Amino acid sequence: MSLENISCQKCFGGWTKRYRHRSNTLNCDMVFSIYLPPQVEQGEKLPVLYWLSGLSCTDENFMQKAGAQRLAAELGIIIVAPDTSPRGEDVPGDPDGGWDFGHGAGFYLNATQAPYDRHYRMHDYVARELPTLVEASFPVSERRGISGHSMGGHGALVCALRNPGRYQSLSAFAPICNPMSVPWGEKAFSRYLGEDRAPWREWDASQLLLNTGEKLPILIDQGDRDQFLSIQLKPEVLQVAALAAEAPLTLRLQAGYDHSYYFIASFIDDHLRHHAQALKA
């Protein structure tokens, strides 16, 4: 797969770049952002942290708002941020014009229902196709971490739990922890996966945590003034599952913080150090 560089900015001695490529998994063109720390120019192969953004976002939100490049440059970690869904004239979106389904809302799963099954295979794209492309095109090691926010936090948890051993580190900000039981998830799952709720369990982090052998230490930050906390996010369900599975979960409820990138920027350094501890070991 060929890469087309569409932007490039120097940042903390490294480079923040955007690339376009053709995705065979999603049957459309895709864009991703990548931060390459200055150590890359010294010939080092560096670990990669994959960041999955939330509903209505793109690959640019994290790179522009989180303020992660400074510490990533210090720690020597490459950051890759894919888009949140397939896009294009041939890619079906929400027939009702909503922002919480379709374009910008791929939910990082593999759709099984027409017309979405042709394009919406974001899990395979994030967990397989994109890392294969990144590892063939940039000086990266095979050590991978994954994190994300909201819908992307759900995606990060699911990618790690469905693929034991593929990632060495895992964290999330305000993830949708029990999507099969909240309005955002029910809307997406019923359209992408069908009305039968049994297959939904394969894409719900709280359900997966009960049945997986993956025991990665999980760091989750959640703001207590998040407007979506009680209705959409349900971190308490994941916490109960972690206790039952004896999984190493650190869930921090941060006083006064909401769902925004101000919250992410406030704690991103903690998450980068969490990932670095495993990725640089």
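Start at 1 with the first residue, then count along the sequence. Keep in mind it's a predicted model, so treat the numbers as computed, not measured. Every heavy atom of this structure was used, including side-chain atoms; hydrogens, water molecules and symmetry mates were not.
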Is [Y] reachable from [X] through a run of hydrophobic residues whose side-chain heavy atoms are each under 4.5 Å from the next?
{"X": "Ile79", "Y": "Leu46", "answer": "no"}
{"X": "Leu49", "Y": "Leu216", "answer": "no"}
{"X": "Ile268", "Y": "Leu219", "answer": "no"}
{"X": "Leu52", "Y": "Ile77", "answer": "no"}

Minimum heavy-atom separation for [X] to [Y], with atom names?
{"X": "Ala156", "Y": "Ser147", "answer": "CB-C, 3.6 Å"}
{"X": "Leu209", "Y": "Ala245", "answer": "O-CB, 3.2 Å"}
{"X": "Lys187", "Y": "Gly98", "answer": "NZ-CA, 4.5 Å"}
{"X": "Ile220", "Y": "Pro175", "answer": "CG2-CD, 3.7 Å"}
{"X": "Thr16", "Y": "Cys11", "answer": "OG1-CB, 3.9 Å"}
{"X": "Ala105", "Y": "Ser85", "answer": "N-CB, 3.8 Å"}

Do the side chain of [X] and the main chain of [Y] share a donor and acceptor less than 3.5 angstrom apart?
{"X": "Gln227", "Y": "Asp258", "answer": "no"}
{"X": "Asn61", "Y": "Cys57", "answer": "no"}
{"X": "Ser206", "Y": "Cys177", "answer": "yes"}
{"X": "Asn110", "Y": "Asp124", "answer": "yes"}
{"X": "Gln9", "Y": "Trp15", "answer": "no"}
{"X": "Asp100", "Y": "Trp184", "answer": "no"}
{"X": "Thr212", "Y": "Leu208", "answer": "no"}
{"X": "Arg143", "Y": "Leu279", "answer": "yes"}
{"X": "Ser33", "Y": "Ala81", "answer": "no"}

Applying side-chain contact (heavy atoms from CB on, under 4.5 Å) to Tyr257 and Asp224, what does each step give before you reach the verdict? CA-CA 6 Å; Tyr257 287 90; Asp224 71 352; 5.8 Å; no
[X] and [Y]: side-chain donor and acceptor closer than 3.5 Å?
{"X": "His259", "Y": "Ser150", "result": "yes"}
{"X": "Gln207", "Y": "Trp200", "result": "no"}
{"X": "Gln222", "Y": "Asp226", "result": "yes"}
{"X": "Ser171", "Y": "His275", "result": "yes"}
{"X": "His271", "Y": "Asp221", "result": "yes"}

Regarding [X] and [Y], does a basic nitrogen lie under 4.0 Å from an acidic carboxylate oxygen?
{"X": "Arg162", "Y": "Glu214", "value": "no"}
{"X": "Glu129", "Y": "Arg121", "value": "no"}
{"X": "Arg144", "Y": "Glu135", "value": "yes"}
{"X": "Arg118", "Y": "Asp90", "value": "no"}
{"X": "Asp29", "Y": "Arg20", "value": "no"}

Can you list the steps and then say if Lys45 with Glu142 is a salt bridge (Lys or Arg N to Asp or Glu O under 4.0 Å)? CA-CA 9 Å; Lys45 284 193 170 185; Glu142 293 184 352; over 6 Å; no
Taking the six-membered ring for Trp, is the centroid-to-centroid distance between [X] and [Y] below 6.0 Å?
{"X": "Phe62", "Y": "His149", "answer": "no"}
{"X": "Phe173", "Y": "Phe267", "answer": "no"}
{"X": "Trp203", "Y": "His123", "answer": "yes"}

side-chain contact (heavy atoms from CB on, under 4.5 Å), that's the test. Do Val240 and Glu236 meet it? Break it down for me. CA-CA 6 Å; Val240 169; Glu236 68 278 3; 5.6 Å; no
Keeping to residues at least two apart or across chains, list the salt bridge (Lys or Arg N to Asp or Glu O under 4.0 Å) pairs with something in residues 77-87.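 Sorted result for residues 77-87: Asp83-Arg87.
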Report the C-alpha distance between Phe138 and Ile34 in whole Å, list the side-chain angles of each, state the deciding distance to 0.1 Å, and finish with yes or no for side-chain contact (heavy atoms from CB on, under 4.5 Å). CA-CA 10 Å; Phe138 301 97; Ile34 185 168; 3.9 Å; yes
Asp96: which residues meet the salt bridge (Lys or Arg N to Asp or Glu O under 4.0 Å) condition with it, sequence neighbours left out?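 Expected list: Arg191.
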Here's a test for you: under ring-ring contact (aromatic ring centres under 6.0 Å, His included), which of Phe189, Phe107, Tyr192 qualifies with Tyr120?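 The single option meeting the ring-ring contact (aromatic ring centres under 6.0 Å, His included) with Tyr120 is Tyr192.
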List the steps, then state whether side-chain contact (heavy atoms from CB on, under 4.5 Å) holds for Leu233 with Val182. CA-CA 8 Å; Leu233 305 181; Val182 303; over 6 Å; no
